[in-house]
Every structure is written in structure tokens, then in C-alpha cells.
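Comments concern the structure below.
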Amino acid sequence: IFNLIVMYNYESDAVFFFLDSHKHKDKYKDKEYKHKEHKKDKEREKLKHGNSDHKDMEKKYKEKEKMKHKDGSTDKHKDKHKEKRKEEKFFVCFFLCSPPHVKSEPDDDYHSPKYEKSIKRERDNDYEYEFKPKKIKTENDKKVKKRKQEDEDIKSKKTKGKKGEATDGKKKAKQEPEEKWKWWEEERYTDGVKWKFLEHKGPVFAPPYEPLPSNVKFYYDGKHMKLSKEAEEVATFFSKMLDHEYTTKDIFRKNFFKDWRKEMTSEEKSVITDLNKCNFTEMSEYFKAQSEARKAMTKEQKQKIKEENERILQEYGFCIMDNHKERIANFRIEPPGLFRGRGDHPKMGMLKRRIRPEDIIINCSKDSKYPTPPPGTKWKEVRHDNKVTWLVSWTENIQGSTKYIMLNPSSRIKGEKDWQKYETARRLKKCVDRLRAQYREDWKSKEMRVRQRAVALYFIDKLALRAGNEKEEGETADTVGCCSLRVEHLKLHPENEGQEYVVEFDFLGKDSIRYYNRVPVEKRVFKNLQLFMENKEPDDDLFDRLNTSILNKHLQELMDGLTAKVFRTYNASITLQQQLKELTTADDNIPAKILSYNRANRAVAILCNHQRAPPKTFEKSMQNLQAKIDAKKDQLCDAKRELKSAKADAKVRRDEKSKKAVETKRKAVQRIEEQLMKLEVQATDREENKQIALGTSKLNYLDPRISVAWCKKWGVPIEKIYNKTQREKFAWAIDMADEDYEF
DNA sequence: GAGATCACTTAGGATCCTCGAC
DNA sequence: GTCGAGGATCCTAAGTGATCTC
């Protein structure tokens with residue numbers, strides 16, 4: 001929805017992040033841009049025009065920026081693009097880790113792809129520039145040993161007293177909650193075994209379809225038409241989405257209509273031939289009224305529903321895994337409906353069919369009490385595979401992919417994996433300098449594939465790009481990651497706004513979130529990119545000799561367990577740690593420290609391109625907050641005035657009573673000042689957070705021990721950083737990290 | 001070695017629910 | 001006690017990467 005612009009200033013070692021919603025319509029209209037986006041852009045524009053409050057923020061930050069960067073580089077940037085981006089601009093400025101230094105190097109050894117192709121075979125066998133196998137072996141041995149050592153370290157941290165509990169799996173359902181189970185103090189399974197005992201009640205199915213009351217009618221071509229139960233159910237799916245933009249999209253309508261017709265009787269099929277003649281309004285109104293009625297229910301009715309939900313949760317929401325009662329994440333089967341793909345998904349609107357017990361595979365222990373299927377039905381299969389973590393699986397009909405029911409993030413099985421993930425990222429920290437030196441060396445390689453690999457790795461490392469697996473064309477939205485970038489996603493600027501060798505990225509990443517970034521790169525990278533793009537069509541792959549499998553194989557050789565995504569975890573966590581060090585001031589009070597934390601978190605979210613649509617109520621809530629601030633300011637003025645007069649009074653009277661009055665007034669002023677500051681901090685935080693989602697990085701990329709250590713060091717209650725669910729997920733980190741923890 | 005499959009993590013939007021203001 | 005904002009939770013799509021199959 002918004003463009004992310006990242007600018008790097010060499011002199012100040014600063015990275016500037018801009019969130020900018022200006023149009024790139026021209027680019028999208030470009031003939032070469034095959035996968036057209038104008039519709040989406042128009043929608044984005046619509047969204048964008050609803051948010052025009054950035055100017056004030058811009059002013060605020062401009063001042064901060066001036067203080068931080070005397071070279072005025074961002075001003076230059078701004079001036080040049082003032083016209084383009086005159087609508088609005090919101091930005092946050094951060095200092096990140098030291099940038100690569102630009103060296104001027106001779107333009108040697110550059111060949112066109114054609115030339116490269118002609119010598120490809122020869123060169124593919126030429127390992128002169130490859131990682132030396134002998135070295136790898138010794139290094140890898142060391143790494144393996146190191147890893148084993150890490151495992152030992154982790155094990156030695158664990159108390160052995162509880163050993164008997166978790167291992168041999170017979171059901172002895174422990175009366176849990178009283179004392180939280182510290183799984184991180186126990187032995188881990190090896191050899192891919194995930195559990196020894198697993199018992200659960202199976203999934204909760206979607207409620208059966210309830211036909212519409214007879215007064216709720218469907219009209220075709222202006223005439224009432226009674227639909228069969230099957231056709232009616234699918235029609236209700238569409239009617240429930242009538243207010244959603246989806247139903248205006250051609251692909252959505254086309255897919256829906258095609259699948260809907262499959263559910264119709266032959267008679268219905270012969271009559272209903274045009275979706276535009278269908279009138280779902282009464283259905284839509286009915287569901288809206290139902291929704292309102294639900295909201296208007298009495299307390300007792302709501303309580304009853306709550307109790308019923310709680311009963312279901314207690315019955316189906318937990319399993320017994322190795323003597324412990326563990327919470328299940330998603331024990332409800334996805335109800336039928338219309339598929340809502342993200343971005344320009346070719347399958348949006350298709351019918352997601354109802355999942356029946358006959359579609360379900362149950363996974364549990366042989367010696368457990370198997371879940372019973374609903375009366376008159378049976379499971380597709382009951383299996384006992386303890387090398388996987390899922391409890392239930394089924395195949396969905398849209399993409400043909402498998403869906404799973406798994407455990408909650410607070411469970412042992414998920415927690416261990418999470419912990420391990422951060423340990424791998426910490427191992428990368430120890431060797432990242434070597435890896436960086438290596439890929440820089442590889443930019444000069446005579447082998448095209450090695451150069452491509454090295455440039456891709458540089459992007460993954462520096463820009464936190466995702467790996468970019470290949471995708472089946474026509475099956476999903478056209479999104480890319482690093483390895484799947486196409487020529488059309490990059491523009492090369494030998495000179496741009498006073499900076500040399502600028503690469504302009506513009507592509508849709510995961511969830512069709514736009515990644516827009518103009519970044520200066522090293523000369524060698526730039527020259528290599530020119531070479532990779534030479535004689536290619538816009539829709540050709542940028543890295544034609546690379547895919548994620550090749551890249552990960554290479555990474556595996558450099559460090560045991562290293563894959564492309566480890567870089568994202570590593571760079572996110574290290575950025576948080578650095579930012580916290582830089583931004584936290586000992587003298588700050590708790591709200592100011594929390595603001596610093598959120599800013600550090602925000603730096604990571606921007607690095608990882610975690611965007612969100614601004615909340616619909618954003619403008620209003622900001623106005624409300626501003627009104628509160630204004631009122632508080634008035635209150636402060638009054639309080640100060642009263643203090644002044646109390647002081648004057650005390651001076652004249654010189655008695656205890658008036659002295660006391662001065663003291664009371666002074667305290668009132670102090671209190672109001674604190675309240676005002678709190679409100680102002682809140683406003684700043686909210687404004688800066690408008691289009692950035694902090695949750696994703698907090699939950700998935702930031703080693704929680706960094707946050708825990710920071711909280712302990714600065715006396716910030718952990719509840720201020722992590723909510724209840726997050727504390728449950730990160731219980732292991734909260735328990736084990738002390739204030740000296742270093743990522 | 002390429003493609004398919006499987007098992008998982010990561011992701012943003014929708015919906016629910018709580019808490020503070022009035 | 002009511003209302004609404006916003007945080008918490010739910011939902012499920014969309015990635016990554018290992019392994020299997022041919």
C-alpha cells in the first residue's frame with residue numbers, strides 16, 4: 001500500500017527509511033511491466049488519499065533529522081522529489097549497522113550473458129573460485145562440534161531432576177496450571193522424534209448450514225427465485241462479502257460464478273447465467289441484521305455463548321503430549337466459504353468446500369484414546385507418526401495444499417524450535433564477518449553463477465529480503481523474493497540524487513506487500529547487476545543461474561544450519577539490540593523507555609518491510625488524542641497559575657496552611673506535567689506506528705531474550721513489552737535471560 | 001537434478017473483547 | 001451503565017526449506 005524508501009547516507013553512516021504513498025502509476029503502465037497492477041494501484045491511491053496528515057509529522061521529523069545529520073542529505077533527496085511526493089511523506093530515521101564501504105575497483109572481467117553462456121559448461125566445472133572443500137570440511141567439523149557443544153550447554157542448563165517426567169510417554173495427565181512446566185530445563189528428543197505420547201479429541205467441525213428463513217429472498221433478473229440448499233449456501237458466502245471490495249473484482253466474480261454453478265441444480269444452471277443479474281441484497285441485509293442482533297444480545301445471552309465456547313475449548317483445545325496438557329492452536333476446521341487470496345490472486349472467489357470427517361487424517365499415539373468421528377462418519381485415516389508435530393491434517397481444494405492442526409506457540413514443541421532458531425542466528429553472528437568477506441570476494445568471480453549467488457546474498461543480508469522460492473505461474477499472485485527477482489523489478493541509476501550506483505527496487509513481496517527501495521550499492525554490485533540484466537527481457541529472471549535451493553546448499557556449506565531466512569532473524573535481532581543500546585537513556589522514565597523500545601522495534605519492522613494498512617479510525621483517534629493533549633495543556637496552565645498565586649499568598653501569610661497549599665499545588669503541577677508527557681509520548685508513538693506492524697517482528701524475528709534483558713536492566717516491567725500471550729510464548733526466554741544477555 | 005510434496009514458520013486482516021472515558 | 005477505541009486473539013494465506021520421487 002505504501003512505498004518503503006530506504007536511503008543510505010555514506011558520510012553519516014545513516015539509513016533513512018521513508019514510508020511514502022506517492023504513485024508509481026507510470027511504472028505500472030509501462031508496457032514492459034507484464035503483470036499489470038493499475039487496478040491495485042488505483043485502490044492503493046484511494047487508500048492513500050484518505051491519509052493526508054503526514055505533513056505535520058514531516059515537520060517534526062525534519063527537525064530531528066537536521067539535528068542528527070548535518071550533511072543535509074535527506075533534504076537534497078526531498079527537494080528533488082518534492083513535486084513527485086508533495087502529497088505526503090512520513091518517515092522515521094534510524095542508524096543501522098555499519099554500511100559496506102564503497103571501494104573503487106577496476107571494471108575487469110565483465111562479460112555479457114551470451115558470452116557467459118558459451119563458456120558456461122566449462123566454467124561450471126571450474127572450482128577455482130569456489131569454497132575450498134578441504135577447508136569446508138575442517139570448518140564444518142568444527143561447526144558440528146560447536147553445535148554439539150551448544151546443545152550440551154543448553155542441556156547442562158537444564159536440571160536433571162525432572163528427567164523422568166517428559167521422556168517415556170504414558171498418559172499421566174498432570175494437573176498442570178498450578179506450576180508452569182519449564183520444558184527448557186529438560187532433556188530434548190533427538191533423531192527427529194517429536195513426541196512419545198499424543199492424545200487429543202480431534203477437530204471441531206464448522207456448524208452445518210442453516211437454510212435462510214423463507215422471507216429472505218434471492219432475485220434473479222428482478223424475479224424471486226428459490227434456490228436449492230446447496231446453491232443457497234454458496235450464495236450466502238457471496239452475499240456476506242457484498243460490502244467487500246473483493247466482490248467488485250472481475251476474477252473474484254468469475255471464479256465465484258463458475259464454482260457456484262457447480263453447486264446448482266440443472267434447472268438453476270439453466271436460469272442463472274449472469275452474475276450481474278443476481279440480487280443478493282436481501283440476504284446481505286439479513287446477515288447484517290443478524291450481526292447487529294448478536295451485538296445487541298443481553299449480558300446473559302453473551303455469557304451463555306462464552307461459556308459454550310469455553311466448554312468447547314476445554315474439550316477440544318488441549319491435548320496430552322508426553323505427560324503434559326498442551327494448548328492446541330487451531331482446533332477448529334476452516335469453515336466453507338469463498339477463497340480470499342491476497343493481492344491479484346488468480347483463484348480468489350473460488351469455493352472453499354466444506355471439510356468432512358472423511359477428509360481428515362488424525363495423528364496420535366497408538367496407545368492413546370483415538371478421537372471419535374461424528375456419529376455415522378469415519379476418518380480418512382488414523383496414523384501414528386511421531387516424527388511430525390501435527391495432530392490433524394486435511395487437503396484443501398483451492399491449491400491442493402495440506403492444512404494442519406498444531407500446537408500453540410506456548411507449547412514445548414514450538415518453543416524449543418523457536419529457541420533453536422535464535423541459537424542458529426547467534427551462530428551466524430559469530431561468522432557473519434567471514435561470510436560477508438566471502439561474498440564480496442565472490443563478486444569478482446569468473447563464474448557467473450558464483451557472482452549471482454554473491455550479489456543475491458548481499459541483498460538478503462543487507463536488505464533483509466526473503467529467499468524467493470519459485471512459484472507456479474497462474475496458481476498464486478505474482479510475488480517475488482530475492483532469488484526470483486526479475487529484470488523489471490530493478491532500475492539501475494549510475495547517479496541518483498547525488499549518490500552513485502543506486503538500485504531502485506520495486507516489486508510485490510509476500511502477501512503482495514510492495515517493496516520499494518532506492519539503495520546505493522557498491523560499484524561491483526552495480527556492475528554485476530548491469531551484467532545480469534544485459535540482453536534480457538523485463539520478465540527474465542535477474543539471477544538466471546540461481547535458485548533458493550542452490551543458495552541454501554551454498555549457505556549450508558558455510559555454516560551448519562544456515563539458510564537464507566537465518567539472515568533475516570540475525571539482522572532483525574542484532575538491529576534491535578543495537579538500537580536499544582543507542583536509544584535507551586538511563587534518566588528516562590518508563591514511558592520514554594518504552595517509546596525507545598518501540599522505536600527500536602520499529603527499525604526492525606521497517607527493515608523487514610512489515611507494513612499494515614492504517615487503522616480505519618486512525619485520523620479520528622489522533623484527533624481525540626490531540627484534543628486530550630490540548631486540554632491537558634490548558635489544565636497545566638491553570639495549575640501553574642494557581643501555584644503562582646498560592647506562592648504569593650504564602651509569601652504574605654507566612655503560615656503553615658498556606659505553605660501546605662503551595663506544596664499541594666506544586667504536586668498537582670507535577671502530576672499534570674507527567675500526564676501531559678505521557679500523552680505526548682503516546683501520540684508520537686502512535687503516529688510513528690501508523691503504517692508499520694510491530695507485532696510480526698516481535699513475534700517472529702526478535703530474540704525475546706534481548707527484550708527480557710533490556711527490561712531487567714532498565715527496570716521496565718515485562719508486561720509493558722509483552723502481553724499475556726506473548727509472555728506465554730516467550731516463557732523460556734523470560735525465565736532464562738538475565739540483564740547481561742547478549743544476542 | 002527437477003519437480004512435487006510435506007511440514008513447518010511467517011504474515012496481515014478480521015473479529016472479539018476489555019478497559020477507560022463519559 | 002454505555003460506548004467506542006484499540007489491543008488481543010483468531011483465522012488462514014503465503015511463505016521457507018527439507019525430503020521424496022521419478
Side-chain angles (χ1 to χ4, degrees), chain A residues 1 192 194 241 244 246 291 294-295 299 302 305-306 309 313 317 329-335 337 339-343 345 347-348 352 361 363 385 387-390 393 395-396 398-409 413-414 417-418 421 466-472 475-477 479-484 508-513 547-553 555-556 561-566 568-569 572 605 608-613 615-618 620-625 627-628 631 682 686 689 691-701 722-726 728:
Chain A
I1 297 165
K194 302 286 167 51
M241 292 177 75
H244 205 288
Y246 271 117
S291 163
R294 259 198 306 277
K295 278 182 208 159
K299 235 181 181 178
K302 280 181 183 169
I305 292 172
K306 207 176 165 186
N309 281 336
L313 172 73
N330 55 326
F331 55 89
R332 287 174 200 273
I333 298 283
E334 295 170 20
F339 176 72
R340 305 178 178 209
R342 293 171 194 160
H345 201 293
K347 296 192 172 185
M348 65 165 79
K352 239 177 79 164
I361 301 174
N363 193 30
D385 183 356
K387 297 268 170 82
V388 298
T389 66
W390 55 266
S393 78
T395 305
E396 55 90 33
I398 305 288
Q399 328 253 26
S401 65
T402 316
K403 299 261 185 171
Y404 303 96
I405 289 182
M406 289 183 189
L407 294 194
N408 187 270
I413 219 160
K414 294 286 182 192
K417 204 75 190 296
D418 212 33
K421 174 180 79 187
R466 293 187 186 85
N469 280 328
E470 281 146 287
K471 296 167 78 188
E472 219 176 312
E475 288 293 299
T476 54
T479 61
V480 295
C482 186
C483 294
S484 50
L508 298 179
K510 183 176 179 180
D511 293 324
S512 292
I513 297 290
N547 60 38
T548 52
S549 163
I550 295 171
L551 180 67
N552 283 334
K553 225 170 256 174
L555 292 174
Q556 191 63 40
L562 183 62
T563 61
K565 87 184 185 90
V566 178
R568 242 167 111 81
T569 312
C608 295
N609 199 34
H610 291 146
Q611 298 183 42
R612 64 165 185 171
K616 283 166 197 156
T617 52
F618 186 84
K620 204 181 157 198
S621 79
M622 278 314 285
Q623 276 169 11
N624 290 347
L625 193 54
K628 270 189 202 171
Q682 198 184 345
R686 197 182 293 174
N689 239 17
Q691 293 141 247
I692 299 164
L694 298 188
T696 310
S697 50
K698 199 188 251 187
L699 234 45
N700 301 301
Y701 289 105
Y722 290 137
N723 65 32
K724 187 171 149 272
T725 315
Q726 291 163 341
E728 279 167 9

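Heavy atoms only: backbone and side chains are in, while hydrogens, waters and symmetry mates are out. Below, chain A is the first sequence line, B the second, and so on; all start at residue 1.
Partners of Tyr701(A) by ring pair (Phe, Tyr, Trp, His ring centres under 6.0 Å), not counting sequence neighbours, listed by chain and number: His610(A). Contacts of Lys698(A) classified as salt bridge (Lys or Arg N to Asp or Glu O under 4.0 Å), with partners at least two apart in sequence or in another chain: none. Applying the salt bridge (Lys or Arg N to Asp or Glu O under 4.0 Å) rule to Lys295(A) yields the partners Glu292(A); only residues at least two apart in sequence or on another chain are considered. In this structure Tyr246(A) satisfies the ring pair (Phe, Tyr, Trp, His ring centres under 6.0 Å) test together with His244(A), Phe252(A), sequence neighbours excluded.
Between Asn723(A) and Glu334(A), it is Asn723(A) whose nearest contact on DNA chain C lies nearer the 5' terminus. Both Thr402(A) and Leu699(A) sit near DNA chain B, but only Thr402(A) has its closest nucleotide nearer the 5' end.
Using a 4.0 Å heavy-atom distance criterion, Lys553(A) is classed as making no nucleic acid contact. Heavy atoms of Lys352(A) sit under 4.0 angstrom from primed sugar atoms or phosphate atoms, though from no base atom. Nucleic acid contact class of Lys295(A) (heavy atoms, under 4.0 Å, all strands): none. Looking at heavy-atom distances under 4.0 Å, Arg568(A) makes contact with sugar-phosphate atoms alone, never a base. Contacts of Ser549(A) with the nucleic acid, taken as non-hydrogen atoms under 4.0 Å apart, are absent. Contacts of Pro409(A) with the nucleic acid, taken as non-hydrogen atoms under 4.0 Å apart, are absent.
Tyr701(A) has a side-chain polar atom (N or O) that falls below the 4.0 Å cut-off from OP1 or OP2 of dA11(B). For dC8(B), the OP1/OP2 oxygens have a side-chain nitrogen or oxygen of Thr389(A) closer than 4.0 Å.
Here the shortest heavy-atom pairing between Ile405(A) and Asn330(A) reads CG1-O, 3.1 Å.
Distance CD (Glu728(A)) to P (dA8(C)): 13 Å, rounded to an integer number of Å.
Rounded to 10°, the helix from dG1(B)-dC22(C) to dC22(B)-dG1(C) has 10° between the axis fitted to its first five pairs and the one fitted to its last five.
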All N/O pairs under 3.5 Å across the protein-nucleotides 14-16 of chain C interface:
from    : atom 1 : to        : atom 2 : distance (Å)
dA14(C) : OP1    : Arg342(A) : N      : 2.6
dA14(C) : OP2    : His345(A) : NE2    : 3.3
dA14(C) : O4'    : Asp511(A) : OD1    : 3.4
dG15(C) : OP1    : Thr479(A) : OG1    : 2.7
dG15(C) : OP1    : Asp511(A) : N      : 3.2
dG15(C) : OP2    : Lys471(A) : NZ     : 3.0
dT16(C) : OP1    : Ala467(A) : N      : 3.3
dT16(C) : OP1    : Gly468(A) : N      : 2.7
dT16(C) : OP2    : Asn469(A) : N      : 2.9
dT16(C) : OP2    : Asn469(A) : ND2    : 3.3

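Each of dG12(B), dT9(B), dC6(B) was ranked by its minimum atom distance to the side chain of Tyr404(A); first place goes to dC6(B). The side chain of Arg332(A) lies closest to dC11(C) when the candidates are dA13(C), dC8(B), dC11(C).
Counting heavy atoms from C-beta outward, Leu551(A) and Cys483(A) have side chains that approach closer than 4.5 Å.
Ring-plane geometry between Phe339(A) and His345(A) is classed as perpendicular, the angle between the planes exceeding 60 degrees on a 0 to 90 degree scale with a lower cut at 30.
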